[in-house]
K.L.:
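Structure below; questions to follow.
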Amino acid sequence: MSLNPMQRRAVMATEGPLLVLAGAGSGKTTVLIRRIENLMRFGRGSDCNLVPRDINEDMIKALKTRTGRCEEYAQVLPVSPWQILAITFTNKAADELKARLEASLGEAALDIWACTFHSACVRMLRRDADRLGFSKSFTIYDTQDSVSLIKQIFKDKNIDDKKLSPKQILSVISKAKTANRTAEEYYREAQSSDDLLMQKVSEIYSEYSRRMKSADSMDFDDLLLYTVRLLQGNEDVRDYWQNRFKYVLIDEYQDTNFLQYLFASLVTGRENNICVVGDDDQSIYKFRGATIENILGFEDNYENCRTIRLEQNYRSTGHILAAANSVISNNYGRKGKNLWTEKGNGELVTVYCCDNERDEGQYVAGQIIAMNRDGDNFRDFAVLYRMNAQSNSIEYALKRNGIPYRIIGGTRFFDRAEVKDVLAYMNVSAAPNDDLRLERIINMPPRGIGAKTVDTARSIAVQTGKSLFEIISAADRYPELARSATRLMQFGEMIRSFAAFAENNGTDAIYDEIVEKTGYLTYLEGKNTPEDTARAENVKELKTSVLTYMEESGDETLDGYLANIALYTDLDNYDSDSDAVTLMTVHSSKGLEFKTVFVTGMEETIFPGMSSLTSQEDLEEERRLCYVAITRAKTKLFLLCARQRLIFGRTNANRVSRFIDEIPEEHVHKYIPRGYGYSEPGFDYYSPRTAGDYYEYTPVKTRTEQRTQERSAYTPPARKAAPAQITLEPGERVTHKAFGPGTVSKLTPMGGDFLVEINFDGAGPKKLMLRAAGQFITK
DNA sequence: CGCACCACAATTTTT
DNA sequence: TTGTGGTGCG
């Protein structure tokens with residue numbers, strides 16, 4: 001009832017292939033949810049001729065009074081929850097979907113597969129990975145791991161990494177995988193071609209694959225590639241999943257790659273009940289292999305496809321939408337769509353040209369303070385930029401003005417060296433043959449096993465075709481290793497003990513065991529530098545993550561935990577509850593919305609970026625990115641540029657972004673000095689130094705300056721309804737599951753939650769959000 | 001083993 | 001400007 005006609009059509013068209021072109025802010029998620037509800041309640045009732053088309057409220061009422069029943073008449077083969085597969089791109093989106101489905105459908109929602117491509121693949125592979133030469137408890141490599149592995153291969157094969165960078169090789173390999181080419185196939189192809197680079201890469205790809213297999217590991221691309229192969233090569237497996245999933249839904253379809261397209265078509269059964277939702281104008285991940293052709297060609301790939309456009313925007317006011325529409329209309333390769341709103345024009349878009357990047361920051365800070373004074377919360381603001389390097393000047397200004405902010409992106413908690421070390425121990429305990437991770441920890445904390453020893457051991461491993469773990473476990477059998485044999489075997493013994501311990505203990509106990517027996521924490525704490533103290537904190541924080549996972553999933557297994565965090569990103573950590581301004585790249589902002597948005601660095605060579613200026617295709621992607629940025633704003637939009645900008649240690653004078661000039665004048669308020677950049681002379685020049693814009697200066701540190709000191713670590717994602725609430729009072733003695741006993745020192749209400757400060761006897765003072773941490777605290 | 005020093009390069013990154 | 005990776009020395 002609350003849907004508009006187009007949304008309703010998208011919900012009710014249950015049968016066959018359906019393409020939903022959903023503009024920004026058009027209620028896409030609502031449609032997805034209502035569609036699933038509809039499937040479960042009425043099956044195909046809304047999309048077949050067994051139920052009268054023109055059924056209306058009166059008829060329903062009549063039916064109800066006459067028979068006392070109603071719903072049954074409109075029901076045709078209602079769908080069971082486990083027959084639905086809903087794929088999203090981020091864990092966050094998946095969690096949100098799950099939460100909203102659970103809210104409206106209750107328990108039943110738990111059986112719906114609402115997950116990311118990658119986690120869907122993991123679930124399928126856990127069932128049948130043995131058919132592909134992996135164990136069912138294979139581990140997952142992240143990009144860093146993959147790079148390290150390539151580097152190792154370079155070393156072993158004496159390849160000069162000056163000429164070919166590991167990252168480049170990896171991206172070629174990734175492209176090959178995305179094009180559904182296994183190492184063997186790619187190798188064969190390369191042999192019969194005269195492309196020397198390809199031949200070289202194919203050798204590395206083969207070796208990489210071999211080592212991944214012997215480490216029983218898959219990288220992100222492998223998860224998809226192997227799943228696709230599993231489905232393509234095994235009729236019984238394919239039948240199993242196709243019979244199971246009667247209805248497949250895919251969100252953000254514009255960002256899928258070729259493999260994901262294959263995956264989607266392979267899990268979709270004969271009835272072709274596949275519904276994809278996306279917006280070709282928001283396709284911004286071409287550089288990661290996304291092919292916009294998937295969405296542009298959907299109607300050709302699926303016969304009898306129906307297409308529905310959602311163009312009514314519920315997010316932004318008129319001028320903002322007009323700006324977005326006119327910018328994107330300069331692109332050629334698009335389906336064509338025009339957003340409209342019933343909201344009225346709203347405020348004009350502000351275009352403001354600053355002197356330099358510091359003024360830009362100050363302008364943003366000044367505006368935020370003014371609007372905050374008028375009643376806006378800090379969480380109503382987002383500052384967007386094209387690249388992370390731009391964040392520093394903004395941070396500086398915000399800090400200086402005492403504005404709370406949070407940065408999305410940058411180094412993930414799970415990417416930090418110390419966290420990866422402990423995780424490597426956990427991984428190796430589950431899979432000792434993981435050479436890469438074994439090497440990572442073999443001398444961490446230092447235990448007298450030097451680089452030379454490891455080199456020797458590894459070369460023996462390569463020669464004998466055994467794993468590093470096997471070599472070091474029998475180190476006394478190799479005379480070359482005689483000198484460190486004892487230490488090596490001791491280490492091997494320790495790993496074996498962890499593996500045995502892991503057999504019959506929960507993940508939290510395994511964590512404790514590892515941290516204790518390796519002395520890793522003691523080692524960090526003993527160094528007594530602020531950096532190492534911060535690292536120690538992060539290691540302790542990891543326990544919180546373990547406990548949170550166990551709590552939320554009810555899964556105690558090490559494999560489960562490791563797979564879960566391998567697929568976890570920083571964005572999942574984003575908690576909109578705390579009252580702070582959000583800083584992030586335009587890419588990370590996709591899918592979010594804010595009352596007020598500042599887009600900084602609207603200059604040629606920044607946005608559009610330097611390397612997009614030469615290619616039409618890349619420029620169009622930048623334009624889509626700009627479209628994404630603009631459509632994040634609900635009521636106020638600021639587009640900022642600076643006539644001089646210090647970036648990467650150099651000062652540049654850039655012209656105003658062409659995207660600004662693509663917005664018709666009637667939608668903007670321009671403050672640009674005369675004779676500057678592209679613009680017409682004659683606009684007002686507003687000095688950014690207006691009284692009241694500046695605030696007392698206090699020395700502050702920006703992110704990069706304080707990285708190691710204040711890494712805010714891992715915050716458990718705020719999911720589901722709050723667990724049983726605990727009430728605390730200052731002065732009270734409590735015990736935290738990870739940090740031990742302590743005294744409550746302070747309670748501060750914050751965003752419907754409480755910030756609790758506890759002085760832990762062992763771990764020192766800590767600030768925790770009650771809603772998230774309460775479950776770990778006992779009195 | 002750990003540190004100091006230097007050269008080098010830097011879009012964007014849902015997994 | 002900044003982080004990173006390599007090298008060489010005590």
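Quick note on labels: first sequence line is chain A, next is B, and so on, each numbered from 1.
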K.L.:
Tell me: CD1 of I449(A) to C1' of dG2(B), nearest whole Å?
P.N.:
17 Å

K.L.:
Would you give the length of the straight line joining atom OG of S209(A) to atom CG of D222(A), rounded to the nearest 0.5 angstrom?
P.N.:
6.5 Å

K.L.:
Let me know the distance between CD of E603(A) and P of dT11(B), rounded to the nearest Å.
P.N.:
16 Å

K.L.:
Taking for each residue the nucleotide of DNA chain B with the nearest heavy atom, is it T116(A) or P446(A) whose nucleotide lies nearer the 5' end?
P.N.:
P446(A)

K.L.:
Rounding to an integer number of angstrom, what distance separates dT13(B) and dT4(C) when you compare their P atoms?
P.N.:
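About 16 Å, rounded to a whole number of Å.
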
K.L.:
Salt bridge or not between E620(A) and R623(A)? Use side-chain N to carboxylate O under 4.0 Å.
P.N.:
no

K.L.:
What integer distance in Å separates I606(A):CD1 from dT12(B):P?
P.N.:
11 Å

K.L.:
Using a heavy-atom cut-off of 4.0 Å across all strands, would you classify N443(A) as base, sugar-phosphate, or nothing?
P.N.:
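N443(A): backbone/sugar contact only, no base atoms under 4.0 Å.
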
K.L.:
Could you say whether A566(A) or A451(A) is positioned toward the 5' end of DNA chain B, judged by the nucleotide with the nearest heavy atom to each?
P.N.:
A451(A)

K.L.:
Less than 5.5 Å between centroids and less than 30° between ring planes, does Y285(A) satisfy that with dT13(B)?
P.N.:
no

K.L.:
Tell me what G591(A) touches on the nucleic acid: a base, only sugar-phosphate, or nothing, going by heavy atoms under 4.0 Å.
P.N.:
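Result for G591(A) = nothing.
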
K.L.:
Would you kindly give the CG-to-P distance between N388(A) and dT1(C), to the nearest whole Å?
P.N.:
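Taking CG of N388(A) and P of dT1(C), I get 19 Å after rounding.
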
K.L.:
Residues two or more places apart in sequence or in another chain: which of them pass ring-ring contact (aromatic ring centres under 6.0 Å, His included) with Y226(A)?
P.N.:
F134(A)

K.L.:
Just checking E621(A): base, sugar-phosphate only, or nothing, at a heavy-atom cut-off of under 4.0 Å?
P.N.:
nothing

K.L.:
Do K92(A) and D95(A) sit within salt-bridge range, that is, some charged N less than 4.0 Å from a carboxylate O?
P.N.:
no

K.L.:
Hey, does L259(A) reach any base, or is it just sugar-phosphate, or nothing, if we go heavy atoms under 4.0 Å?
P.N.:
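L259(A): no heavy atom of the nucleic acid under 4.0 Å.
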
K.L.:
State the syn/anti category of dT11(B) according to its glycosidic angle, syn meaning within 90° of 0.
P.N.:
syn

K.L.:
Check D281(A), D279(A), D280(A) against R334(A) for a side-chain hydrogen bond (donor to acceptor under 3.5 Å, both in side chains) and give me the one that passes.
P.N.:
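When side-chain hydrogen bond (donor to acceptor under 3.5 Å, both in side chains) is applied between R334(A) and each of D281(A), D279(A), D280(A), only D281(A) qualifies.
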
K.L.:
Between dT1(C) atom P and Q644(A) atom CD, what is the distance in whole Å?
P.N.:
15 Å

K.L.:
Check the distance between dT2(C)'s P and F648(A)'s CZ and give it to me in whole angstrom.
P.N.:
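Atom CZ in F648(A) sits about 12 Å away from atom P in dT2(C).
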
K.L.:
At under 4.0 Å, does any side-chain N or O of S588(A) touch on OP1 or OP2 of dT13(B)?
P.N.:
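True: S588(A) side-chain N/O within range (under 4.0 Å) of dT13(B) OP1/OP2.
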
K.L.:
Looking at F594(A), is R315(A) sitting on its ring face, NZ or CZ under 6.0 Å from the six-membered ring centre and within 45 degrees of the normal?
P.N.:
no

K.L.:
Under 3.5 Å for both pairing distances: what stems, at least three Watson-Crick or G-U pairs long, include DNA chain C?
P.N.:
B:1-10 with C:1-10

K.L.:
Between dG5(C), dT12(B), dT2(C), which nucleotide gets closest to the side-chain atoms of N392(A)?
P.N.:
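It is dT2(C).
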
K.L.:
With a 3.5 Å cut-off and heavy atoms only, can you find an N or O donor on one side and an acceptor on the other between the side chain of T585(A) and the base of dT12(B)?
P.N.:
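In this structure, the two groups form no donor-acceptor pair.
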
K.L.:
Between M610(A) (CE) and dA9(B) (C1'), how many Å, whole number?
P.N.:
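Result: 14 Å.
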
K.L.:
For the pair D559(A) and K136(A), find out whether any cationic side-chain nitrogen is under 4.0 Å from an anionic carboxylate oxygen.
P.N.:
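Salt bridge flag = no for K136(A) with D559(A).
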
K.L.:
May I have the distance from E252(A) (atom CD) to dT13(B) (atom P), rounded to whole angstrom?
P.N.:
16 Å

K.L.:
Does Y285(A) have any ring-ring contact (aromatic ring centres under 6.0 Å, His included) partners at least two apart in sequence or in another chain, and if so, which?
P.N.:
F287(A), H587(A)

